[in-house]
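To keep things clear, I will list the structure first and then write my remarks on it.
These numbers come from a predicted model, not from an experiment.
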Amino acid sequence: MKKIKFLLMSMVAAVLVSCGTTNTVPITGRKQNLMVSDGEILSLSTQQYQEFMKTAKVSTDATKTAMVKRVGQNLANAVVSYLNANGLQNDVQNYNWTFNLVADNQANAWCMPGGLIVVYEGILPITQDEASLAIVLGHEIAHAVARHSAEQMSKQIKQQYGVQGLGALATILGVGSNTVSFGQAMANQGLSFLNLKYSRDHENEADHMGLIFAAMAGYDPSAAVTFWQRMSAASTNNTAEFLSDHPSDATRIKNIQGWLPEAQKYYKPKTTTTKKTTTTKKKTTTKKTTTKKK
């Protein structure tokens, strides 16, 4: 019986591992297994983004809106250049870069797969400058480039298959239905805690990649440290890190400081050309000529 149980468990594991495709995350080089295609997730992403924008209150502040679009597009251009230069030209077609500023006091921003981004006005008093805004947008863009949404969906699919498979296996082995239900409930609870840590891993990876994207776009990556210090001061979230889907601010800042030397290698300050208009007033002067009498 033990041998049969082992073989069945091995079969379930083999099926789960063999499904999907293996992908490499840009910059970090981490391997990931995806069970959903780009086409599937991009279609869903576009639909949900459009639905959100139908009900969102778009910012009427033209200056702030222009800043968000300008900084966002600079980052998008840097990402596209990086992908093209590293043999990832096929990935470029997956992005329809869109940047919207909405009138909402939340200190928040997010990016859906395909480069569909929303920034909330409430985060701008904390970013304060374009370099810090680039840190925020770089982080959000990194989630899309690293296919974190697809990876999260893939993991949930595997977990669902795994729990159902274990339930079927237990039934085959003659385990009572109550025990099966209890085991599935415990498995789901355990998997939910694993997902929390998994999300923190994604957040850390997005911090790392976003720092480098900001540097590539010409923004000083060291702005990330002071931004997160301000973000920490403004935060009211005291949730313990191991129960949160985001790293603590202290952990985040420490990690960013460790990545700064790498990011600085990509940093070339943006040069801006400012046209100065000089108005010259013509003065009419009258010269007096003195004639000496002889």
Side-chain angles (χ1 to χ4, degrees), residues 34 36-77 79-80 91-130 132-157 160 192 195-196 198-200 202-203 205-207 209-210 213-214 217 227-228 230-231 234-237 239 244-246:
L34 304 178
V36 291
S37 68
D38 289 331
E40 290 169 334
I41 200 164
L42 291 175
S43 176
L44 180 62
S45 172
T46 300
Q47 180 182 351
Q48 291 184 349
Y49 190 83
Q50 291 173 346
E51 289 298 321
F52 173 85
M53 291 308 302
K54 286 178 182 178
T55 58
K57 184 179 180 182
V58 178
S59 175
T60 57
D61 190 317
T63 301
K64 292 178 181 178
T65 298
M67 177 181 65
V68 167
K69 291 183 181 295
R70 178 175 61 253
V71 175
Q73 195 57 55
N74 287 337
L75 281 157
N77 293 341
V79 169
V80 169
D91 289 357
V92 174
Q93 65 185 358
N94 292 329
Y95 301 102
N96 178 25
W97 301 106
T98 306
F99 302 90
N100 277 298
L101 178 66
V102 298
D104 192 306
N105 291 328
Q106 293 183 62
N108 195 20
W110 47 262
C111 177
M112 286 188 181
L116 307 176
I117 296 170
V118 165
V119 176
Y120 292 73
E121 285 184 336
I123 202 170
L124 297 183
I126 303 175
T127 56
Q128 297 184 2
D129 53 44
E130 292 196 12
S132 295
L133 177 60
I135 297 300
V136 173
L137 291 177
H139 173 94
E140 299 306 331
I141 286 172
H143 279 306
V145 174
R147 292 180 168 91
H148 285 163
S149 294
E151 192 172 2
Q152 181 67 28
M153 290 177 65
S154 298
K155 185 168 185 180
Q156 290 173 352
I157 291 171
Q160 184 178 4
S192 68
N195 284 339
L196 290 175
Y198 179 79
S199 295
R200 287 199 299 274
H202 277 183
E203 291 296 326
E205 187 169 57
D207 279 346
M209 295 172 64
F213 288 156
F227 164 71
W228 279 110
R230 292 194 298 271
M231 194 71 172
S235 176
T236 58
N237 182 13
T239 303
S244 172
D245 59 356
H246 285 62

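Of all the heavy atoms in Phe99 and Gly72, the pair that sits closest is CZ-O, 3.1 Å. Looking at every heavy atom in both residues, Glu205 comes nearest to Ala146 through OE1-CB, 4.1 Å. Residues Asn74 and Ala217 share a closest heavy-atom pair of O-CB, 3.7 Å. Shortest non-hydrogen contact noted between Ala142 and Gly210 is CB-N, 3.9 Å. Across every non-hydrogen atom of Gly115 and Ala144, the tightest pair is N-CB, 4.3 Å. Shown here for Glu140 and Ala109, the closest heavy-atom pair between the two residues is OE2-O, 3.2 Å.
Atom CE in Met53 sits 9.5 Å away from atom OG1 in Thr98 (nearest 0.5 Å). Between atom CD1 of residue Ile126 and atom CG of residue Leu133 there is a gap of 12.0 Å, rounded to the nearest 0.5 Å. Taking CH2 from Trp228 and NE2 from His139, the interatomic distance works out to 6.5 Å, rounded to the nearest 0.5 Å. Taking OG1 of Thr127 as the reference point, atom CD1 of Ile135 lies at 11.0 Å (rounded to 0.5 Å). Remark: Asn105 CG to Ile123 CD1 distance equals 12.5 Å, nearest 0.5 Å. Separating the CG atom in Asn108 from the OH atom in Tyr120 is a distance of 5.5 Å, to the nearest 0.5 Å.
Here Arg200 does not pair with Glu203 in a salt bridge; the nearest charged N to carboxylate O distance is not below 4.0 Å.
With contacts defined as side-chain heavy-atom distances shorter than 4.5 Å, the pair Leu124/Leu101 qualifies. Using a 4.5 Å heavy-atom threshold, the side chains of Thr65 and Lys69 count as touching. The shortest distance between side-chain heavy atoms of Glu51 and Lys54 falls below 4.5 Å. Looking at Val102 and Lys57, their side chains never come closer than 4.5 Å, going by heavy atoms from C-beta outward. Between Arg147 and Asp38 there is a side-chain heavy-atom pair separated by less than 4.5 Å. Using a 4.5 Å heavy-atom cutoff, the side chains of Val119 and Val136 are not in contact.
Using modelled atom types, no side-chain atom of Ser43 and backbone atom of Gly39 make a donor-acceptor pair closer than 3.5 Å. The closest donor-acceptor contact from the side chain of Ser45 to the backbone of Leu42 lies at 3.5 Å or more, if one exists at all.
In this model, no donor atom of one side chain and acceptor atom of the other lie less than 3.5 Å apart for Asn96 and Tyr49.
Taking the six-membered ring for Trp and thresholds of 30 and 60 degrees, His148 and His202 have nearly parallel ring planes, at less than 30 degrees apart. The aromatic rings of Trp97 and Tyr95 sit parallel to each other, their planes meeting at less than 30°, with 60° as the upper class boundary.
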